[in-house]
Amino acid sequence: MEFSDLELERLKKLQRLRERGIEPYPARVTRTHTNQQAIDAFAAQEAASDAPHQAGGEAVEAAVVGRLVLVRPMGKASFAHIEDGTSRLQIYMKKEEVGEETYEMFLKDIDLGDFLEAQGHMFRTKTGEPTLRITQLHIISKAIQPPPEKWHGLKDVETRLRQRYADLLSNPETREVFRKRAQVVNALRRFLDNLDFLEVETPVLQPLYGGAAARPFITHHNQLDQNLYLRISFELYLKRLLVGMYERVYEIGRDFRNEGVSYKHNPEFTQLEFYAAYWDYKKVMEVTEQMVAYVAQEVTGSTQIEYDGKAIELGGAWQRLTMREAIKKWAEIDYMDYPTAAELRAAIRARGGHAPDDASWGKLIDGLMGDYVEPQLIQPTFLYDYPRDISPLAKRKPDDARHVERFEFFIAGMEMGNAFSELNDPLDQEERFVEMNRTEDVEAGDAHPLDEDYLRAMRYGMPPNGGFGMGVDRLTMLLTNQQTIREVILYPHLRSSEK
RNA sequence: GGGCCGUUAGCUCAAUCGGUAGAGCAGAGGCCUUUUAAGCCUUUGGUUCAGGGUUCGAGUCCCUGACGGCUCACCA
């Protein structure tokens with residue numbers, strides 16, 4: 001990489017520092033307080049005594065570190081702000097107090113973006129800002145590349161995503177999003193752990209893929225000379241564990257789907273799945289409501305959030321609609337009046353809707369749901385009782401051959417998760433797999449391999465259970481008010497810019 | 001993958017009808033001892049994404065490509 005003029009200027013400064021015997025990248029630093037601790041300690045000291053600490057020698061003494069983010073030199077004295085992982089802190093230095101050499105170094109050889117160590121005593125400026133009046137200043141890391149604009153930050157979306165470090169260092173809002181993301185994951189764990197779930201890890205590299213309808217990424221193990229797939233879901237591995245007598249298991253991890261990228265799709269994304277023996281989908285609905293409300297409360301301090309300008313209440317009982325009711329309401333079609341794909345397709349087209357030639361009955365219904373219903377579901381809503389032919393892992397409704405005990409839930413017009421009373425009848429399951437392989441278009445890559453080991457596991461006996469899957473990225477979008485998934489993924493997928 | 005839009009200084013953005021490519025911040029030099037995006041004076045910095053074309057003349061119009069944004073499709 002070549003150096004720009006601005007970088008060459010900084011390299012000259014680096015050279016000057018070294019010529020004066022100053023190491024710009026020392027191995028060790030002195031730090032007695034984080035910036036926030038220095039501010040808090042000073043405030044506590046002020047609160048405890050009546051005497052104002054106007055540069056008094058007895059005020060809090062601190063050695064702090066951080067990146068230089070703003071500078072205001074004023075002749076023989078200067079103000080600056082340094083920022084560490086906790087806060088910004090103003091520092092103040094007088095030439096006569098830090099010494100001529102240090103003061104010259106600060107003015108001539110230190111730049112915005114450099115990391116500094118500063119020592120001194122706290123005081124409050126006449127405008128009231130807690131400030132460290134320093135007597136010592138050291139450079140602890142020289143930045144060669146200048147930081148983005150100090151006021152506007154880094155705006156260019158492509159640069160922000162390709163150089164996430166630059167985004168993070170210049171945009172505190174970005175840092176906040178990913179702090180909250182960590183809190184979301186922590187809160188989910190806490191919630192499930194409190195319900196006696198066991199957290200487990202299952203293979204990312206799978207010899208067969210399944211548990212969802214998506215095309216996989218394919219990779220290869222060299223020594224075994226075996227093709228492997230990056231998992232598209234955890235479902236089949238987690239349910240095997242119920243056969244193994246764990247009653248409640250969950251996993252939070254990465255799924256990989258070789259599909260299109262959009263504001264709510266990234267090729268790799270974080271999924272939560274849990275399975276609980278002896279629960280059914282109604283019980284899972286209740287737990288879902290509680291879990292999402294709990295996470296919202298923990299992360300944002302409220303169950304009421306604002307997303308994309310809309311107020312959304314995540315607490316309490318959510319709206320519940322069957323798929324059939326919802327489609328009747330918004331698409332004005334009762335799909336039970338059209339029991340074949342051909343009839344339903346004609347009805348949709350008569351209404352001016354979109355209905356692909358090769359779509360099955362269930363897929364047409366799913367399409368109606370996506371086109372007419374999903375955008376309407378701003379407040380949290382359970383849609384339940386899905387068509388059987390698009391739900392090969394869900395248990396049939398006892399008195400209804402065309403529907404299964406499945407729900408998806410939607411918030412802010414976005415599908416957030418999917419759950420069912422899991423199918424635990426091994427013979428029914430085998431039929432579904434075979435049927436799916438017969439009806440799905442092999443050419444389109446929709447056909448899924450038949451997982452015989454999973455069927456064998458089921459034959460040992462699987463307890464009735466309720467299962468659940470949710471996109472953690474999407475939940476994070478919701479709780480951080482981000483309108484695209486790439487704003488809640490640190491390194492989202494982008495096309496390579498290599499030439 | 002389709003459609004539409006975009007890409008100008010390190011960063012944030014201008015540039016009328018096709019007529020000398022600008023500003024702020026950052027940088028450099030100078031002044032300034034309580035500032036708050038400090039201020040004041042001077043000043044450097046451009047293959048206008050790349051490559052073709054039209055034209056006396058292209059940041060601007062046309063074509064191709066790269067990358068990005070939005071959107072549609074895809075995503076049981």
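Below, each value reflects all heavy atoms present in this structure, side chains not excepted, and no hydrogens, waters or symmetry copies. Reminder, nothing fancy here: chain letters follow the sequence lines and each chain counts from 1.
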With a cut-off of less than 4.0 Å, is there a side-chain N or O of [X] near OP1 or OP2 of [N]?
| X | N | result |
| --- | --- | --- |
| A/His354 | B/C74 | yes |
| A/Arg495 | B/G65 | no |
| A/Arg72 | B/A38 | yes |
| A/Arg215 | B/C74 | no |
| A/Lys13 | B/G27 | no |
| A/Lys264 | B/C74 | no |

Euclidean distance, atom [atom1] of residue [X] to atom [atom2] of [N] [Å, nearest integer]:
| X | N | atom1 | atom2 | answer |
| --- | --- | --- | --- | --- |
| A/Tyr386 | B/A76 | OH | C1' | 11 Å |
| A/Phe79 | B/C32 | CZ | P | 17 Å |
| A/Lys155 | B/G24 | NZ | C1' | 14 Å |
| A/Glu374 | B/C74 | CD | C1' | 14 Å |
| A/Arg160 | B/G69 | CZ | P | 11 Å |
| A/His152 | B/A26 | NE2 | P | 12 Å |
| A/Leu8 | B/G45 | CG | P | 14 Å |
| A/His493 | B/C67 | NE2 | P | 10 Å |

Quantified in whole Å, what is the [atom1] atom distance between nucleotide [N] and nucleotide [M]?
| N | M | atom1 | result |
| --- | --- | --- | --- |
| B/G45 | B/G22 | P | 12 Å |
| B/G18 | B/A28 | P | 41 Å |
| B/C74 | B/C49 | C1' | 30 Å |
| B/G65 | B/G29 | C1' | 44 Å |
| B/U44 | B/A23 | C1' | 15 Å |
| B/U64 | B/C5 | P | 13 Å |
| B/U55 | B/C17 | P | 23 Å |
| B/G59 | B/U8 | C1' | 7 Å |

Any N/O donor-acceptor pair, A/Glu129 side-chain to B/U35 base, under 3.5 Å: no

Under 3.5 Å donor-acceptor pair, A/His265 side-chain atoms to B/C75 base atoms: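 Pair found.
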
With a 4.0 Å cut-off on heavy atoms, is [X] in touch with a base, just the backbone sugar-phosphate, or nothing at all?
| X | value |
| --- | --- |
| A/Gly260 | base |
| A/Pro73 | base |
| A/Lys108 | sugar-phosphate |
| A/Lys150 | sugar-phosphate |
| A/Thr484 | sugar-phosphate |
| A/Leu6 | base |
| A/Arg388 | nothing |
| A/Asp156 | sugar-phosphate |

Anti versus syn assignment for B/C67, with syn defined as within 90° of 0: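 Nucleotide B/C67 adopts anti.
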
Answer yes or no: is there an ion pair linking [X] with [Y], defined by an N-O contact shorter than 4.0 Å?
| X | Y | answer |
| --- | --- | --- |
| A/Lys76 | A/Glu100 | no |
| A/Glu415 | A/Lys264 | no |
| A/Arg124 | A/Glu129 | no |
| A/Glu251 | A/Arg231 | yes |
| A/Asp428 | A/Arg432 | yes |
| A/Asp358 | A/Lys363 | no |

Counterpart base for [N], defined by Watson-Crick or G-U wobble contacts under 3.5 Å:
| N | value |
| --- | --- |
| B/G27 | B/U43 |
| B/G19 | B/C56 |
| B/C4 | B/G69 |
| B/C74 | none |
| B/A14 | none |

Comparing A/Tyr92 and A/Pro392 on RNA chain B - which has the more 5′ nearest nucleotide: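 First, find each residue's nearest nucleotide; the 5'-ward one identifies A/Tyr92.
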
First encountered from the 5' end of RNA chain B, between A/Arg486 and A/Ser391: A/Arg486

Given [options], identify the nucleotide with an atom nearest to the side chain of [X].
| X | options | answer |
| --- | --- | --- |
| A/Arg162 | B/C67, B/C74, B/A76 | B/C67 |
| A/Leu70 | B/U35, B/A38, B/U33 | B/A38 |
| A/Glu149 | B/A76, B/C11, B/U33 | B/C11 |
| A/Glu9 | B/A76, B/A28, B/U34 | B/A28 |
| A/Met74 | B/A26, B/C32, B/A37 | B/C32 |

Pair A/His493 + A/Phe217: ring centers closer than 6.0 Å: no

Pair A/Ser421, A/Glu405: side-chain N/O donor-acceptor within cut-off below 3.5 Å: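 Side-chain D/A pair, A/Ser421 to A/Glu405: present.
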
Geometric cation-pi criterion, A/Arg133 with A/Tyr92: 6.0 Å, 45°: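 No, A/Arg133 does not sit over the ring of A/Tyr92.
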
